[in-house]
Asks: 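I have a structure I would like to understand better, so I am pasting it below and will then ask my questions one at a time.
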Amino acid sequence: NGAFLIMDLAFEKYYGAGPASLDYLCLATAYLTQFSLLVKLFFTIWLTFHLFCFAVYHKNMKGLEILYIVTAIVIPAGIAVVPFFTKTYGLSKGWCWIMNANDSSCPPAPIKIGIIEQFAMWYGPALVAFVLESGAMVTLLVTLGCRAYRKGGGGVSEPLVGQSVHRKALKQMLPLV
């Protein structure tokens, strides 16, 4: 994503001073930025789901890795194409992304479809993912903490020593959380 931000800075510096091919550079940068943001979001969701299923329900999700990779690339690629059809990719307040205002008018006129696309394609999914992943992480920490310690005699918490399978799973899971 850093490479796209550098492209954005280079584009912004020379915008209007160069050939029309810079418009295509901005469109490409906007698409790649949106695509990479969504890919990161989808991979984070899938990793959290995989960790949650394994740690909480002891479900081995082997074999789903291909599904994770394909959906985390194909779905964002399809979603990131939408602003091409609505012609909302372009220079948006200092970087190439979905335009939410027409900067050529004074004062800048809002582009409603651009605002809707920004919330529908990034801010909304990111907020939903944040809430769900936060809930999953709290559940994971509580579950793993309860499995790591059990109540001993007299209400004192003692670490589990006889359950090597659970201890091994706990040792594998805690660094991931």
Side-chain angles (χ1 to χ4, degrees), residues 1-11 24-90 92 95-100 113-150 159-160 163-177:
N1 220 11
F4 302 129
L5 294 177
I6 291 170
M7 288 172 60
D8 275 337
L9 288 173
F11 179 80
Y24 294 112
L25 176 65
C26 185
L27 291 175
T29 302
Y31 174 79
L32 292 173
T33 300
Q34 181 65 30
F35 173 71
S36 65
L37 289 171
L38 289 173
V39 166
K40 288 185 220 177
L41 184 66
F42 272 75
F43 270 116
T44 303
I45 291 168
W46 278 125
L47 286 171
T48 304
F49 173 75
H50 191 85
L51 178 65
F52 184 81
C53 289
F54 182 74
V56 175
Y57 297 112
H58 298 291
K59 296 281 184 190
N60 189 352
M61 305 299 280
K62 267 191 173 175
L64 291 179
E65 291 87 359
I66 301 296
L67 175 70
Y68 296 162
I69 292 169
V70 169
T71 57
I73 293 174
V74 172
I75 293 172
I79 292 171
V81 170
V82 172
F84 282 121
F85 296 115
T86 59
K87 298 183 177 158
T88 52
Y89 274 147
S92 177
W95 69 312
C96 296
W97 193 43
I98 301 168
M99 296 183 295
N100 61 3
I113 189 71
I115 295 168
I116 292 169
E117 285 177 355
Q118 284 181 348
F119 279 92
M121 294 174 56
W122 177 243
Y123 296 118
L127 180 64
V128 169
F130 174 74
V131 169
L132 292 176
E133 290 173 1
S134 297
M137 286 298 131
V138 168
T139 304
L140 278 170
L141 290 172
V142 169
T143 302
L144 293 177
C146 288
R147 288 185 185 154
Y149 293 91
R150 63 177 172 84
L160 294 172
Q163 299 181 357
S164 62
V165 174
H166 288 294
R167 294 295 276 165
K168 184 178 177 185
L170 180 64
K171 285 179 184 178
Q172 291 174 349
M173 285 293 142
L174 281 177
L176 295 174
V177 174

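As the structure is a prediction and not an experimental result, all values here were calculated from the model.
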Asks: Can you name the residues that form a side chain to side chain contact (heavy atoms under 4.5 Å, CB included) with Ala129, not counting sequence neighbours?
Replies: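 Expected list: Leu41, Ile45, Glu133.
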Asks: Ignoring hydrogens and geometry, is there a side-chain-to-backbone donor-acceptor pair from Glu65 to Gly63 under 3.5 Å?
Replies: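 Checked: pair present.
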Asks: Compile the donor-acceptor pairs under 3.5 Å between side chains in residues 66-83 and protein atoms, sequence neighbours left out, one pair per line.
Replies:
{"from": "Tyr68", "atom 1": "OH", "to": "His50", "atom 2": "ND1", "distance (Å)": "3.0"}
{"from": "Thr71", "atom 1": "OG1", "to": "Trp46", "atom 2": "NE1", "distance (Å)": "2.9"}
{"from": "Thr71", "atom 1": "OG1", "to": "Leu67", "atom 2": "O", "distance (Å)": "2.7"}
{"from": "Thr71", "atom 1": "OG1", "to": "Tyr68", "atom 2": "O", "distance (Å)": "3.3"}

Asks: Would you compute the distance between atom OG1 of Thr29 and atom OH of Tyr89 and round it to the nearest 0.5 angstrom?
Replies: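 Rounded to the nearest 0.5 Å, the OG1-OH separation comes out at 11.0 Å.
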Asks: Of all residues at least two apart in sequence or in a different chain, which pass the ring-ring contact (aromatic ring centres under 6.0 Å, His included) check with Phe130?
Replies: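 Here no residue qualifies.
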Asks: If you count every heavy atom of other residues, nucleotides or ligands that lies below 6.0 Å from Phe119 atom CZ, does the total exceed 12?
Replies: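 At most 12 heavy atoms, drawn from other residues, nucleotides or ligands, come within 6.0 Å of this atom.
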Asks: For residues Gln34 and Trp122, is any side-chain donor paired with an opposing acceptor at under 3.5 Å?
Replies: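 No pair is found: no donor N or O on one side chain lies under 3.5 Å from an acceptor on the other.
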Asks: Whether the side chain of Thr88 engages the backbone of Ile98 through a donor-acceptor N/O pair (distance < 3.5 Å, no angle test) should be reported.
Replies: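 Such a contact is absent between Thr88 side chain and Ile98 backbone.
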Asks: Testing the basics here: between Gly90 and Cys26, what is the closest heavy-atom pair and its distance to 0.1 Å?
Replies: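 Taking Gly90 first and Cys26 second, the nearest heavy atoms are C-SG, 3.5 Å.
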Asks: Got a second to check how far Lys87's NZ is from Phe85's CZ, nearest 0.5 Å?
Replies: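 Separation between the atoms: 10.5 Å.
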Asks: Could I get the full list of side chain to side chain donor-acceptor pair (under 3.5 Å) partners for Gln118, not counting sequence neighbours?
Replies: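 With sequence neighbours excluded, Gln118 shows a side chain to side chain donor-acceptor pair (under 3.5 Å) to Asn100, given in chain and number order.
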Asks: With a 4.5 Å limit on heavy-atom distance, are the side chains of Leu51 and Met137 in contact?
Replies: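 Leu51 vs Met137: side chains touch.
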Asks: Residues in side chain to side chain donor-acceptor pair (under 3.5 Å) with Thr48, at least two apart?
Replies: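 Here no residue qualifies.
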